Amino acid sequence: QVQLVESGGGLVQAGGSLRLSCTASGRTFSTYAMGWFRQAPGQEREFVAAISSGGYRLDYADSVRGRFTISRDNAEKMVYLQMNSLKPEDTAVYFCARSRIGGVTVATTDYVDWGQGTQVTVSS
């Protein structure tokens, strides 16, 4: 099992940027793909971005493609989500998650370990 802790959320104006970080513990971090998901009030949790175990394959939701960038540092056991050109509709709690496989996957059911989440609020 991998423990995950997110940080970096906050309040930002539309058009601004935030960088989310996810700190992982556990010896198997580099074996698995990692993902970011988000959940807005009254809505289901949705996929945002994923990165393969080695960091060579990436995938993004259409709604964030071109604005968000996912990256990872396996030596430091960190995953990042750089969010640029933020919009009010990006407001949500953002979760870091560990996949049960090494390749990128967008399915929530493929992720087995989750952080507690960090709030991102984008004002118009």
Side-chain angles (χ1 to χ4, degrees):
Q1 187 176 7
V2 175
Q3 287 75 46
L4 304 170
V5 178
E6 303 94 338
S7 62
L11 174 64
V12 64
Q13 289 188 332
S17 298
L18 282 174
R19 188 194 195 203
L20 304 184
S21 299
C22 175
T23 302
S25 63
R27 293 177 293 178
T28 60
F29 174 78
S30 62
T31 305
Y32 301 103
M34 298 292 295
W36 285 96
F37 290 75
R38 67 186 181 186
Q39 187 167 19
Q43 298 187 20
E44 293 187 356
R45 191 168 299 188
E46 65 174 3
F47 169 77
V48 174
I51 186 167
S52 63
S53 58
Y56 300 110
R57 297 288 303 272
L58 311 175
D59 198 6
Y60 296 94
D62 289 341
S63 59
V64 307
R65 194 182 307 273
R67 299 188 297 123
F68 290 12
T69 302
I70 187 171
S71 61
R72 68 188 295 165
D73 183 333
N74 284 343
E76 296 295 327
K77 297 183 181 179
M78 297 288 295
V79 181
Y80 304 99
L81 186 67
Q82 178 66 44
M83 306 186 295
N84 298 329
S85 302
L86 283 161
K87 305 175 181 180
E89 50 264 44
D90 294 319
T91 295
V93 177
Y94 283 71
F95 298 90
C96 174
R98 178 186 74 86
S99 171
R100 60 181 178 83
I101 60 176
V104 293
T105 173
V106 306
T108 306
T109 52
D110 282 334
Y111 290 83
V112 294
D113 293 316
W114 295 81
Q116 293 299 306
T118 184
Q119 177 70 47
V120 172
T121 302
V122 184
S123 63
S124 58

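The model shown is predicted, which means the values in this text are computed figures rather than measured ones.
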What's the shortest heavy-atom distance between [X] and [Y], and which atoms?
X      : Y     : value
Ile70  : Leu58 : CG2-CD2, 3.9 Å
Gln119 : Ala92 : NE2-O, 3.4 Å
Ser124 : Ala14 : CA-CB, 4.4 Å
Ala49  : Leu81 : CB-CD1, 4.1 Å
Leu4   : Arg98 : CD1-N, 3.7 Å

Decide whether [X] and [Y] meet the rule of one side-chain donor and one side-chain acceptor closer than 3.5 Å.
X     : Y     : answer
Asn74 : Ser30 : no
Ser17 : Asn84 : yes
Gln82 : Thr69 : no

Do [X] and [Y] belong to the same hydrophobic cluster, where Ile, Leu, Val, Met, Phe, Trp and Tyr are linked whenever their side-chain heavy atoms lie under 4.5 Å apart, directly or via other members?
X     : Y      : answer
Phe68 : Ile51  : yes
Leu86 : Tyr80  : no
Met34 : Tyr60  : yes
Trp36 : Val120 : yes
Met83 : Phe47  : no

[Y] backbone acceptor or donor facing [X] side chain under 3.5 Å:
X      : Y      : result
Arg57  : Ser53  : no
Thr118 : Gly9   : yes
Tyr32  : Tyr111 : no
Thr91  : Val122 : yes
Gln39  : Glu44  : no
Asp113 : Val2   : yes
Glu6   : Cys22  : no

So, taking the atom named [atom1] in [X] and the one named [atom2] in [Y], what distance separates them when rounded to the nearest 0.5 Å?
X      : Y      : atom1 : atom2 : value
Thr23  : Lys77  : OG1   : NZ    : 11.5 Å
Arg19  : Ser7   : CZ    : OG    : 9.5 Å
Asp110 : Thr105 : CG    : OG1   : 3.5 Å

When you measure from the centre of the six-membered ring of Phe95, is the NZ or CZ of Arg45 under 6.0 Å away and within 45° of the axis?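 Ring-cation test returns yes.
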My understanding is that only residues two or more places apart in sequence, or in another chain, count here; which of them pass side-chain hydrogen bond (donor to acceptor under 3.5 Å, both in side chains) with Tyr94?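 Tyr94 satisfies side-chain hydrogen bond (donor to acceptor under 3.5 Å, both in side chains) with Arg38 once adjacent residues are dropped.
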Trp114 and Phe37 aromatic centres sub-6.0 Å: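 Yes.
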In sequence, state the C-alpha distance, the side-chain angles, and the governing distance for Asp90 and Lys87, and then conclude on salt bridge (charged side-chain N to carboxylate O under 4.0 Å, His left out). CA-CA 5 Å; Asp90 294 319; Lys87 305 175 181 180; over 6 Å; no
